[in-house]
Every structure is written in structure tokens, then in C-alpha cells.
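See structure below.
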Amino acid sequence: MPLFGTDGVRGLANGTLTADLALSLAQATAVVLGQGRSAEARRAAGKRTTAVIGRDPRISGEFLSAAVAAGLAASGVDVYDAGVIPTPALAFLIADRDADFGVMVSASHNPAPDNGIKIFARGGVKLPDVVEQRIESYLTRDKLLPTGGEVGRIRRFSDAEDRYLLHLLGSLPARLDGIHVVLDCAHGAAAGVSPEVFRDAGAQVTVIGADPDGLNINDGVGSTHIDKLAEAVVAHGADVGIAHDGDADRCLAVTADGTPVDGDQIMAILAASMQERGMLAQDTLVATVMSNLGLHVAMRERGITVKTTAVGDRYVLEEMNAGGYSLGGEQSGHVIMSDFATTGDGVLTGLHIVAEMAGQGKSLAELASIMTVYPQVLVNVKGVDKTRVDDEVVQDVVRTVEAELGDTGRVLLRASGTESLVRVMVEAADGASAQRHADAIADVVRERLAL
């Protein structure tokens, strides 16, 4: 199995993800990202190879980030350790510091025993598959082993959070005065940054999930447990709730009455506003195949093109970079605003959603009404041969359902990238129809593709 998954290297800390592996990954990364043409030009100009590292607050991040720092410094890389900070903050700081690359130690929305290592190239951009494969290939090759004054130094990046906060505040089209926001920081990396920046922007802030102890990250709070945020918004009589995940690269929201607002609705709100202000490049939004049909309908009504990609924010980013687009994201809450960020940024997204409320003088419920969310049913069919998902009988039943739904729904059949299962997703004008069609397709998949 490849070491790198869809979002870096991830696994059980001290299980599959050990300090030895973290150190070796850092050494291999120093070879691949610290030895290119741009790095050679910097050294010729008397500049040393530099990297920024950060982590979320889970307990294993302490020894894993120390191993990463040691591996980089032993390879001659000067390390700026930003400590606990959101993943998008690290991506911003790589560019802001003009570093050669950066490493984030985080398992995002996963539970505390897991951890991960995400590597960003110069400019704070995610690595393409081919570069990750090169890094993996260098795990068993000779390492860089400088001596004397050529070894790297490890320094505390003391103003990292301040730089990021100023960047976020500078992106806002309006202040947030008069709006009461409940923030759920998932006991994660946003616990220090998010409340401070929302207050600095003028909002009245109530905070939950902001007491990380190294073990409670994502535990019953955050974007994967949005019911806690909904309860808090209603209890405090707040105007809006914003939920992050463990490393704060996601943002979901709830209205004043506790109704969830997902990434599709957030993208619809931002796309319409950006189009009106002439900031939506080529009047185009990038989303994944899992985005709700309602998003496509709402955008079409406003003359906005929706480009679709495979599931995963890295594929959204690739399409955005290739086409020069300014907005993209996923239903899960990864929203990328390329004018201000090189990756999904939950704090940035939350700020801009609340800024739309303040600037337009509307509630989040009013803003979210821009799109109708079509009922969406997902059935995971386990124990099947996912490689035969193109079976003709299966495709026949899919085509039959698509013909029946017409413009009022859609079908998506996907083989899982990690498990022996096929995902059947159906959207329709009503939930009963969506469930009926999804079950019918799942029955055929189960029968035809049985192992």
C-alpha cells in the first residue's frame, strides 16, 4: 500500500505512524524539496534552506513534531516551529516566511489516538502525487548528513499566530459588529486563533470546544458533531454558529434556530456574493461530484458555472489552479478562497460567512435560502468487487433511474478508494424517492458484484 493517502500520511500514533517514520519522512522531504533548482538558487544567494512546522494539540503531536524537526535539522534545514496552529495557518506562513516547504502534524477530524503528517511545498501548496511518490522512494536512500555549521537550527516561530490573524482580518469585506457568534473549536488547533480573530473583527463571541488537553480533540465536538453547536446557539440566543474540525481546515455553520448549513450552502452564499463584487473568477465555482444537486441548480440560475472534480480537496485545488478559479470546496466544509488561501481554511471561511451576514444585514437562514437542498441518500454496499462497478447490468439500472429522475435528481456510483465497497448516492425531489431508488440500485450492486 502507498504510504501517502489522500491527505498526507495518516495512522495510529506509535502504531503505523512512529517517531522513526516521522524522522525518516522529514529527512526524505529535505532531500526532495530542499534540493531543487529554486533551493540551489537560494543557497547561491547565501540563503539557507528553511521549513515551517506546526501541529494540532493532540498529545502525540508533541513527539511527532519533535521527530520531524530533528529530521529536518539533521538534514541541514533551518526549522521555524509554529507550535499549535491550524493547518491553513501553516500553509499561509510558508508563503509569508518565504520558506522552502512546511510540515503539519495533524489527523484533522480523526480521534486523538490517530495522527498524520501533511507536507506543503513552497508557497504553501499541497504536493502532487508524483512528488509524494518521490519522497516515499527516498525513505530507503542516502540521507543528507551535513556537519558543523551546515546542520539546521530549530527556532520558535514566535509571531506565527499574529501574522496569521492579521492576514485573516485583512481579508474581510466588512466588520462583524453586532453579530453574536458561537464558535466550536473541536478542542483543536483553532482554540486560540478563532475566538481571538472573531472578537478582533467585532463579533460578540461565545466559545465551546476550546479546552484542548491533548486527548479530547474532536471528542463529541466540532464539525463532526455539529449538534452540540446547534444546542449552544439556541441556548445562548446567538445569531450564528461556526464549527471547525481538529486542524481548522473545515467550516460548517448553523442558523439561529440550530439548522445546519453545510459546505455546499456556504459555497453558494460566497459564490453569489463574489460574483456581485466581480471577485468570482470566470464566474466559476469548483465542487466535487458529491455536491448537492441544489448547488448546481442555484448556480445555474445565476449564470455561474460549476466545475466538478473527484472527491477530495486536493482535486478541487488542482482544478482551481489549472483554471485560475477563485472559489471551490466540498460539502464537508473544506472551502478554498484562492485570493486569500492556498488550501481549505475554516477560520477564513467562517469569518467571511459572518461578514456576509453583517454586510447584507441578513440572517444566515436568509442567505442559505439561495439554494434548495435536495434530499440525498447514500448507501454503502459492502463485501462486493468494487473493480466491476462498470458491470453492464448495474449501469442499466443506473440509467433507468436517471431517466426516471430527469432534471429533478441524479445518481452517483463510486468505488471506495480504501474499502471493498461501492457507494450508491441518489438525490431526488423528495427523500422517499431518493431512498427507494438508492435501495434498488444497491440491491443490484449487491447481487451482481458479490465476492
Side-chain angles (χ1 to χ4, degrees), residues 56-59 61 84-89 106-116 176 179-199 201 203-267 269 292 329-335 344-354 356-357 363-365 367-368 373 376 378:
D56 70 27
R58 68 189 73 215
I59 189 170
V84 174
I85 202 159
T87 292
S106 173
S108 190
H109 60 281
N110 283 28
D114 293 338
N115 218 321
L176 315 184
I179 297 183
H180 184 181
V181 183
V182 178
L183 298 175
D184 185 345
C185 299
H187 296 311
V193 174
S194 193
E196 183 176 351
V197 72
F198 271 87
R199 290 189 180 107
Q204 176 188 345
V205 178
T206 299
V207 185
I208 65 172
D211 298 301
D213 62 9
L215 298 172
N216 61 358
I217 189 169
N218 302 312
D219 187 7
V221 290
S223 61
T224 52
H225 301 278
I226 202 166
D227 54 308
K228 297 293 177 65
L229 176 62
E231 292 172 6
V233 169
V234 173
H236 290 279
D239 300 302
V240 59
I242 299 293
H244 304 304
D245 61 339
D247 70 337
D249 64 353
R250 294 189 191 190
C251 170
L252 295 179
V254 299
T255 64
D257 67 357
T259 302
V261 174
D262 68 14
D264 285 341
Q265 294 165 289
I266 289 170
M267 287 190 290
I269 293 167
N292 194 272
E330 296 186 282
Q331 192 179 64
S332 61
H334 286 116
V335 177
D345 189 330
V347 183
L348 177 75
T349 302
L351 286 167
H352 278 257
I353 284 295
V354 180
E356 289 301 322
M357 294 171 61
S363 69
L364 180 57
L367 292 175
V373 179
Q376 189 178 75
L378 179 65

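Note that these values count all heavy atoms, side chains included, but never hydrogens, waters or copies made by symmetry. Treat the numbers as computed from the prediction; the structure is a model and nothing was measured.
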Distance, nearest 0.5 Å, that separates CZ of Arg250 from OG of Ser332: 4.0 Å
Side chains of Asp213 and His187 in contact at under 4.5 Å (non-hydrogen atoms): no
Any donor-acceptor pair under 3.5 Å from Asn218 side chain to Gly222 backbone: no
Set of residues satisfying ring-ring contact (aromatic ring centres under 6.0 Å, His included) with respect to His352, sequence neighbours excluded: Phe340
Side chain to side chain donor-acceptor pair (under 3.5 Å) contacts touching residues 230-242 (sequence neighbours left out): none
Closest non-hydrogen atom pair between Pro57 and Val84, with its separation: CD-CG1, 4.0 Å
Exam field: side chain Asp262 to backbone Gln265, donor-acceptor pair closer than 3.5 Å: yes
Side-chain heavy atoms of Asp345 within contact of Val347, under 4.5 Å: yes
Closest heavy-atom pair and its distance - Ala203, Val181: CB-CG2, 4.0 Å
Donor-acceptor under 3.5 Å (Asp247 side chain, Pro86 main chain): no
Steps toward side chain to side chain contact (heavy atoms under 4.5 Å, CB included) verdict (Arg199, Val207): CA-CA 11 Å; Arg199 290 189 180 107; Val207 185; 3.8 Å; yes
From CG (Leu348) to CG (Asp249), nearest 0.5 Å: 12.0 Å
Shortest non-hydrogen contact from Ile242 toward His244: CG2-CE1, 3.8 Å
Audit row: Thr87, Ser108, side chain to side chain contact (heavy atoms under 4.5 Å, CB included) steps and yes/no: CA-CA 9 Å; Thr87 292; Ser108 190; over 6 Å; no
Interatomic spacing from CD1 in Ile266 to CG in Leu367 - rounded to 0.5 Å: 11.0 Å
Gap separating the SG atom of Cys185 from the CG atom of Leu229, nearest 0.5 angstrom: 10.0 Å
Note, Ile217 side chain near Pro212 side chain (heavy atom, < 4.5 Å): no
Working for side chain to side chain contact (heavy atoms under 4.5 Å, CB included), residues Val373 and Asp264: CA-CA 9 Å; Val373 179; Asp264 285 341; over 6 Å; no
Side-chain touch Thr224/Asp245, heavy atoms, less than 4.5 angstrom: no
Closest heavy-atom pair and its distance - Ala256, Val234: O-CG2, 3.9 Å
Least distance between heavy atoms, Ala186 atom then Asp184 atom: N-OD1, 3.0 Å
Pairwise side-chain contact, Ile353 with Ile269, heavy-atom cut-off 4.5 Å (strictly under): yes
Donor-acceptor pair, side chain of Arg58 and main chain of Asn110, under 3.5 angstrom: yes
Nearest heavy-atom neighbours spanning Val233 and Thr255: CG1-O, 3.6 Å
